[in-house]
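We count ligands from 1, going down the list as the structure has it; atoms in each ligand are counted the same way.
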Amino acid sequence: MSEMIYFDHAATTPVHPRVVEVMTPYLTQVFGNPSSVHGFGRKARQALEQARDAIARYLDADPQSLIFTSGGTEADNMAVIGGALAHQEKGRHVITTQIEHHAVLHACEYLQNLGFEITYLPVDDTGSVRMSDLINAVRDDTVLVSIMYGNNEVGTIQPIEEIGRFLQERSIVFHTDAVQAFGVLPLSMRELPVDMLSVSAHKINGPKGVGALYLRKNTAFSPLLHGGSQERKRRAGTENLAGIVGFAEAVRIASEERVERVAKYKEIKETMLTIWREAGIRYQVNGHPEHVMPHILNVSFLGIQTETMLMNMDLASIAASSGSACTSGSLELSHVLKAMNLGDERAHSAIRFSFGITNSVEEAARAAGKVAQIVKRLQKE
Ligand SMILES: *Cc1c(COP(=O)(O)O)cnc(C)c1O
């Protein structure tokens, strides 16, 4: 059979060869503990701070405001739980949305068990939060708002600047999960009115198990991990140095190639949609038509159950997803599609294609042709 085609980069990505190359010495030769005072430690410390500087440059941020974590999930938990606990004297109300990643939603549920009140903002049928809903939800005791940048299932980008400016005027701490946006969209922490921002390495061709939380200077925060004084006492534990060095390299490469990557993803999307349009199959694109992540394409092939379609695509060597890696395997409808109120048929037939650096336009055209054949056959049945 032909080669496998991977369209699930929103779930995870392969590690870039240059990333593997720069990481290797930090597993073997430069193995020191960055907290040690001897030469081994000093070398490790230097690499750690260089990596921090490189990632801070991409984010146009002060390097000291970056805290390395074990990934996007930990960064989200730190922001939501650490941010809320630090402000609980002022109030115990938190606002988020119905379409967040589970790392935010389940952290909010945890806060609820601690006595916090959570408001889950609805979204419209494009997956966008309405400003009016946020304005109505804000109370005197609201201490934290967490709204994602780009959604991982349908790709919709939220009006983060507008939301941030509104919250800044009210001195409410604002966190955004930018795991999908990072490396794909330009992000300037000098310009973006956001207090906390989560990122992850393995979504941008870095290693798994490493990420970071941007924490704006003077934002009160309660650490989740207690122990050593690493990361300026905001996250205890010996640093994952090889992972962090690899993360920084992945960010450097993403930064160099960002514009070309985005152009390619847009061409891939257009190519696939054109092939499907011309094939005369029935489909609907989910997510916002313009404010959408360029590497995510969520499509409903009407009349075909998501699981049936995924299995048939897998047989044709095409790897895509139902939307979220966490709910796949279960027949449960995605909370994101549910919140978008698309109707049963559309929600139960949604497929997420997510693109990455190893995909080509030619490969996407081939895959789209195969998908069209599968859809034609199944829509006839
Ligand atoms: C993948 C993802 C996460 C979790 O990041 P991990 O590094 O896998 O823990 C959080 N939020 C979004 C939007 C994601 O896509």
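- Summarising the local packing, CD of Q379 is surrounded by more than 12 heavy atoms from other residues, nucleotides or ligands at distances under 6.0 Å.
- In terms of protein heavy-atom proximity, atom 3 (C) of ligand 1 is nearest to H101 NE2, 3.5 Å.
- In this structure, the protein non-hydrogen atom closest to atom 11 (N) of ligand 1 is D177 OD2, 2.6 Å.
- Remark: ligand 1 and Q180 share an N or O pair separated by less than 3.5 Å (distance only, no angle test).
- If you number the atoms of ligand 1 from 1 as listed, the ones under 4.0 Å from a heavy atom of D76 come out as 10 (C), 11 (N).
- Side-chain contact of S354 with H295: a donor-acceptor pair under 3.5 Å is absent, judged by distance alone.
- A salt bridge links R252 with E249: at least one charged nitrogen is closer than 4.0 Å to a carboxylate oxygen.
- Considering NZ of K370 and CG of L315, their distance stands at 11.0 Å, rounded to 0.5 Å.
- Short contacts between ligand 1 and K203, defined as distances under 4.0 Å to a heavy atom of the residue, involve ligand atoms 1 (C), 2 (C), 3 (C), 14 (C), 15 (O).
- For Q180 and H101, the side-chain atoms include no donor-acceptor pair closer than 3.5 Å.
- Salt-bridge formation is detected for the pair R52/E49: a Lys NZ or Arg NE/NH1/NH2 atom is positioned less than 4.0 Å from an Asp or Glu carboxylate oxygen.
- In this structure, F182 has its ring center closer than 6.0 angstrom to the ring center of Y58.
- Proximity to G71 (heavy-atom distance under 4.0 Å) selects the following atoms of ligand 1: 7 (O).
- Neither the backbone nor the side chain of K208 comes within 4.0 Å of ligand 1, counting heavy atoms alone.
- Nearest protein heavy-atom contact of atom 6 (P) of ligand 1 is G72 N, 3.5 Å.
- When only interatomic distances are considered, the shortest N/O to N/O separation between E74 and ligand 1 does not fall below 3.5 Å.
- Within ligand 1, counting atoms from 1 as listed, the ones closer than 4.0 Å to a heavy atom of H202 are 6 (P), 7 (O), 8 (O).
- If you look at F31 and Y26, their ring centroids are not closer than 6.0 Å.
- At a heavy-atom cutoff of 4.0 Å, ligand 1 is contacted by no atom of A103, backbone or side chain.
- Residue contact check: T73 has heavy atoms under 4.0 Å from atoms 4 (C), 5 (O), 6 (P), 9 (O) of ligand 1.
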